[in-house]
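Beneath this line is the structure, given in structure tokens, with notes to follow.
Numbers restart at 1 for each chain; the letters A, B, ... are given by sequence-line order, proteins then strands. Quick caveat, the model's predicted, so the values are computed rather than measured.
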Amino acid sequence: MPWLTIALLILPIAGGLAGVVAPAFGWLPALGGNALGLSHWQALFNAPGLMTMIRLSLVTGLASALAALIIVMLFIGAFLHSRWFERVRRLLSPLLAVPHAAAAIGLAFLLAPSGLASRLVSPWLSGWQYPPDYLFPGDDMGLALILGLVIKEVPFLLLMSLAALPQCQAQERLALARSLGYAPLAAFFKAVLPGLYPLIRLPIYAVIAFASANVDVALILGPSTPPTLAVAVVRWLHDPDLAMRFMASAAALTQLGVTLAALGLWWLGESLVRRLSRGRLIDGRRQLAEGSLAILGGALTGLTILLLLASLIGLMLWSLAAYWPFPQVWPRPLTALNWWRALPGAWHALLDSALIAFAATFASLMLVVGCLEVETQRRIPMRPWAQVVLYLPLLVPPVAFLFGLVQLQVQLGIDTALPAVIFGHLLFVLPYVFLSLAESYRRLDPRWEQMAASLGRGPAAIFWRVRLPMLTVPIMIAGAVGMAVSVGQYLPTLLLGAGRVTTLTLEAVSLASGSDRRIAAVYALLQLLLPALGFALALGLPRLLLRRRRGLLTH
Amino acid sequence: MPRLFRFETLDRFKTMTGFKRLALILAMIPLGAQAMELDDWETIEGEARGQTVYWNAWGGDTRTNAYITWAAKRLAEEQDIELVHVKLNDTASAVSRVLAEKSAGNDAEGSIDLIWINGENFAAMKENALLFGPFTQALPNFALTNPEAHPEIREDFTVPVEGLEAPWGKAQLTFYYDSARVNEPPRNMLELLSWTKAHRGRFTYPLIPDFTGSSFLKQALLALAEDTGPLYQPVEDADFAAVTAPLWDYLDALHPDLWRRGRHFPASGPELRRLMGDGELSLAFTFNPSAPAAAVANFELPLSTRSYVLEGGTLGNVHFLAIPFNAGHKAGALVTANFLLSPEAQARKQDLQVWGDPSVLDMTTLDSAQREAFRDDHENPAALDPQALATTLAEPHPSWMERLEQAWQARYGNR
């Protein structure tokens, strides 16, 4: 099982990368490229704004991950035991299901000069009869882009942290620290965080890699002159001048380097923080600016939720609007016309999205659980290189290998678009499922298994009767994460399906390049439907399945 | 499965008259087996029956999409063809797909049967031998376009079409404004500059290399260049710096007063339209003359929208349908292209209530009943007077677009 999984991941990515490496050095006979050389790299380095693009990708990737991590840690630290915690957790989990493109479209409308926020204060407070002309979103610093990434990453990191908290005995550690007189935040940062961080390190790395290389959010919220490197790669790849494909290939490899550099910088930062904080952990201080940090954590979390919710409300209003000019706050009249116009065409896309998401997620869960079970039974931890392979699709920017993958697909004569798309989604779903599940699986107390074995149960029975029930909640959540990841996929669907497979995301992004925000809003909201359903099931089904074993739910 | 040679064809060949035989042999010389399929329309129709045609066409406009859905329904009824609209957000991705297939040696069973295309994408496909044809003469309805009388359908951005793509519709750079906010819109490029100075932040153009944005550059260059002659030759033959100097001076003066001070640009023509709808802009332009009127009907633009064409005319061109060299369902693609050229399909496309894309048919080739279908009785103040389309400026050679885009990126792409 582990070998199958590794082969499934490594072959297409290696093949896809080969399909990019060759043209980057001048080799693509179909385009008349049959001399190896560095001329395309020279062209890339002479491209205007390349350094700005690289800086933007690095800064947005690192800053958004850092901001999201700080918000999540402050929030957990300050509110873990308050009545707010469960409420926010319930609010945030479904928000994780909001696809990136939908969140970005919503946020752009919220904060743009003609957006909902400025309409709320116009003209009575601001005096604006017409939208003002300020540069947001799309600002040079990439602040809008960072904001858009943060509101998507906070729910993800929070969910990952929540899954990891029980595994690092957070409750016990916290209780002990509190009994020694540490205030809540101090107890969390000094006693829990050092155990928690290693468990959420890989999700954080995935977040950094995604943020530094994503295309759809950067297209909608990022600056355009110049854009981030990943956006530039897609632009060059789509340039009608086919010779630009060579330079685009070189740029795709550069993107790979930029993402790796972002990860490396973060890793250095980790060591630095570890070194600097070593003394602080044991200095005995029982307080850490408790009041102000708690307020900050609460305010930032509240702001994140508010922005995401307001973005969604904006999308809903647009989907019900006729002509809706500035500075009207509320569309008049409200009409269901947009939904009626969109639904007949959306039905097929909805079914296809559901089918693909379910197939890719189900296959991923089988493979991941299989890998983890083999690992647990043999008691051989996964080798580091195998670990890297699993995360390869998250670390290698999709733009870097998908074009090559299409070549591979055609070469192998795979004409069946739907299986190819499902496979393409699997590449991205599997790592996220693994990421969501691995730590919970590995940290499951081995004494349960030993106890079952001592009662005479074999490995199969231990798996079915002990491990699987105890891991129901993490498995369901991993499945929901997988569904959300699949529904949000754009590039693999477009390229591997040759456009023959139409998903909601494909429709939404293609409509987002059009002028009709109303129909685009309908599709963005429809995009939400499937992941929301997935999370509802993930949170609701275990309650039903495990109603006789309530202990497993809180565990 | 495309059949390269069939025995029925051989049988038919034996029963042909001498003249037809000769014509067929002549047709076969440059093209080999391809010409066989093109010779006899009835056979093509027979072969097309039951085929599924994958049509790669930009899918960013709901009205266009609805029109294509209608065409699919009619084709299913009449020709038993299943037409599948593969919605692109950039036609170049279809070009790269055909390219990937070619490099992989897939020469007969490509996944794209028909592409909505023109300009640079066509030039790139033609240059890399990615197109099937020439095929337009084989389409019975092609004669209705009267190609002899209309040079614009024989050339796509000055690149000779040579039968490799069938015309489908027309476009012209059309300006539109909100008459509630603008009394006197600028009538030429110089007035546009002073208008923008007076209305800071209310005008912009799409980010280069978006098609509409690049068209704005060409329009400005045509208006500002001292001699437009070199623009119709490959750019290599001209002194690029000297010819384009007035354009860069103009843009340097224009940019500080554009929307967001020219530091950020909308991604596309449709986004420009959305900014008009949001009220952020007061003046914009499009490549589809009827788009503003259609957008008003679709609640995207205010009722006070009006459209016009600059003095001396604006850039105009024709958009086309092409078949990739390796299309898996060529017969179906041919029948589809022919249907889209029929008076029925063209009249419906031109209808403002449906799409509003001007027809490529020559009205003099139609009978009076067919012509009747093209009449438009709807009054729409946002619509452009049909007379305004009479003066069009021809598209420069496509090599200019590329150089202009590069030069623009170098100057303004890194702020």
Side-chain angles (χ1 to χ4, degrees), chain A residues 28-31 47-49 52 112-114 130-131 133-135 138-140 219 223-226 235 237-242 245 321-327 341-342 345 403 406-408 410-411 413 415 417 494-495 498-500 502 506-507 509-519, chain B residues 54 56 59-62 65 69 84 86-90 92-93 95-97 99-106 109 111-112 119-121 123-124 128 181 200-201 207 209 259-261 263-265 267-268 270-271 273-274 277-280 295 298-302 402 409-410 412-415:
Chain A
L28 187 56
L31 269 182
T52 321
S114 57
Y130 298 121
D133 185 21
Y134 58 77
L135 181 45
D139 57 294
D140 302 343
L219 262 177
S224 61
T225 55
R235 252 183 222 161
L237 214 55
H238 282 170
D239 197 287
D241 176 7
L242 297 179
R245 304 273 193 291
Y323 182 58
W324 188 20
F326 186 90
R341 276 196 300 154
F403 181 66
V406 171
Q407 306 236 45
L408 198 74
V410 182
Q411 243 139 12
D415 192 34
L494 180 79
L495 294 177
R500 291 185 188 183
T502 310
L506 219 57
E507 293 270 4
V509 174
S510 120
L511 284 167
S513 78
S515 67
D516 198 340
R517 192 188 265 133
R518 294 154 196 82
I519 301 289
Chain B
Y54 291 98
N56 284 37
D61 186 272
T62 41
N65 295 349
T69 307
V84 178
V86 177
K87 291 175 184 148
L88 305 176
N89 70 343
D90 188 340
S93 58
V95 181
S96 60
R97 173 129 202 120
L99 177 76
E101 290 176 350
K102 185 183 183 188
S103 66
N106 177 352
E109 291 178 51
S111 59
I112 301 174
E120 287 185 290
N121 289 313
N128 288 280
R181 292 164 65 174
R200 214 166 175 225
L207 182 67
W259 178 73
R260 300 193 177 172
R261 311 284 166 269
R263 286 160 71 201
H264 186 77
F265 291 85
S268 63
E271 193 180 330
R273 189 154 89 220
R274 193 166 69 205
D278 287 343
E280 295 198 22
N298 200 29
F299 307 120
E300 290 173 57
L301 291 177
E402 211 173 290
Q409 285 294 344
Y412 308 113
N414 179 26
R415 291 259 142 153

* To do: Go through the atoms of A:Ile519 and report whether side chain, backbone, both or neither lie under 4.5 Å from a heavy atom of chain B.
  => side chain

* Asked: Between A:Ala47, A:Pro325, A:Gly138, which residue shows the highest count of heavy-atom pairs closer than 4.5 Å to chain B?
  -> A:Gly138

* **Which portion of B:Phe265 sits near chain A, non-hydrogen atoms under 4.5 angstrom** => both

* Asked: Thinking salt bridges, do A:Asp140 and B:Arg260 make one under a 4.0 Å N-O criterion?
  -> no

* Salt-bridge test for B:Lys87 and A:Glu507: reply yes if a basic N is under 4.0 Å from a carboxylate O, no otherwise. => yes

* **Distance under 6.0 Å and angle within 45° of ring axis: B:Arg181 vs A:Tyr130** => yes

* Asked: Could you walk me through whether B:Glu300 and B:Arg273 pass the salt bridge (Lys or Arg N to Asp or Glu O under 4.0 Å) check?
  -> CA-CA 8 Å; B:Glu300 290 173 57; B:Arg273 189 154 89 220; 3.5 Å; yes

* Check each atom of A:Pro113 against the heavy atoms of chain B and say whether the ones under 4.5 Å are side chain, backbone, both or neither. => both

* **Region of B:Glu402 that comes under 4.5 Å of a non-hydrogen atom in chain A** => side chain

* To do: Show the numbers, then the answer: is there a salt bridge (Lys or Arg N to Asp or Glu O under 4.0 Å) between B:Arg263 and A:Asp139?
  => CA-CA 8 Å; B:Arg263 286 160 71 201; A:Asp139 57 294; over 6 Å; no

